[in-house]
Structures are given as C-alpha cells and as structure tokens.
Amino acid sequence: MADWGPVIMAVVLFVLLTPGLLFQLPGKGRWIEFVNFQTSGVSIVVHTIIYFGLITIFLIAVGVHIYTG
C-alpha cells in the first residue's frame, strides 16, 4: 500500500500558496493582494515560511495519511 497523504498535501499547499496565483502576502501596493499574477522576493520568502509551517503541521502533528491499493 502506498501512502499518498504527503504527496497530495504538498501539491495542494503548493498550488494554494503560489505567490500571486490566489493571493500575495505582502502585495506590491497593499499588505495583501488577490489574483495579481505578480510576485516579489519578499513574497516568495513569506509564502515559503507559511508553506513550511503548514506542511509540518499537517504531516507531523496531524499525521495525514491516504492509503491506496
């Protein structure tokens, strides 16, 4: 049996936290901007920290597991 939980969580969080796709924190003109398809170095660092925190919580603390087969 394969454990697909970490793979699915990583892909979903990567798509949701791509800077500028759904939101960007901090934005170019405001603190948060939605769907602007632009990014900055600071925004990449902030989204990376958020991604690391959420993936750690979901995989280690909560223990998300999805088994197939």
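Residues I32 and P26 fail the side-chain proximity criterion, which asks for heavy atoms closer than 4.5 Å. Taking 4.5 Å as the limit, some side-chain heavy atom of L22 sits within range of a side-chain heavy atom of L16. Here the side chains of I50 and L25 are in contact, with some heavy-atom distance below 4.5 Å.
Residues satisfying the ring-ring contact (aromatic ring centres under 6.0 Å, His included) criterion with F23, sequence neighbours excluded, are H47. In this structure D3 satisfies the side chain to side chain donor-acceptor pair (under 3.5 Å) test together with H65, sequence neighbours excluded.
The side chain to side chain donor-acceptor pair (under 3.5 Å) pairs that include a residue from residues 4-28 are W4-T68, Q24-N36, where partners are two or more places apart or lie in different chains.
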I would like to know whether T39 and I44 meet side chain to side chain contact (heavy atoms under 4.5 Å, CB included); could you show each step before the answer?
CA-CA 7 Å; T39 189; I44 292 171; 3.7 Å; yes
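Note: I55 CD1 to F14 CZ = 11.5 Å, rounded to the nearest 0.5 Å. Here the CD atom belonging to E33 is positioned 13.0 Å from the CZ atom belonging to F37, to the nearest 0.5 angstrom. The distance from the CE atom of M9 to the CG atom of L54 is 8.0 Å, given to the nearest 0.5 Å.
Cluster annotation: V42 is not connected to F52 through the hydrophobic network of ILVMFWY side chains, with a link wherever side-chain heavy atoms come within less than 4.5 Å.
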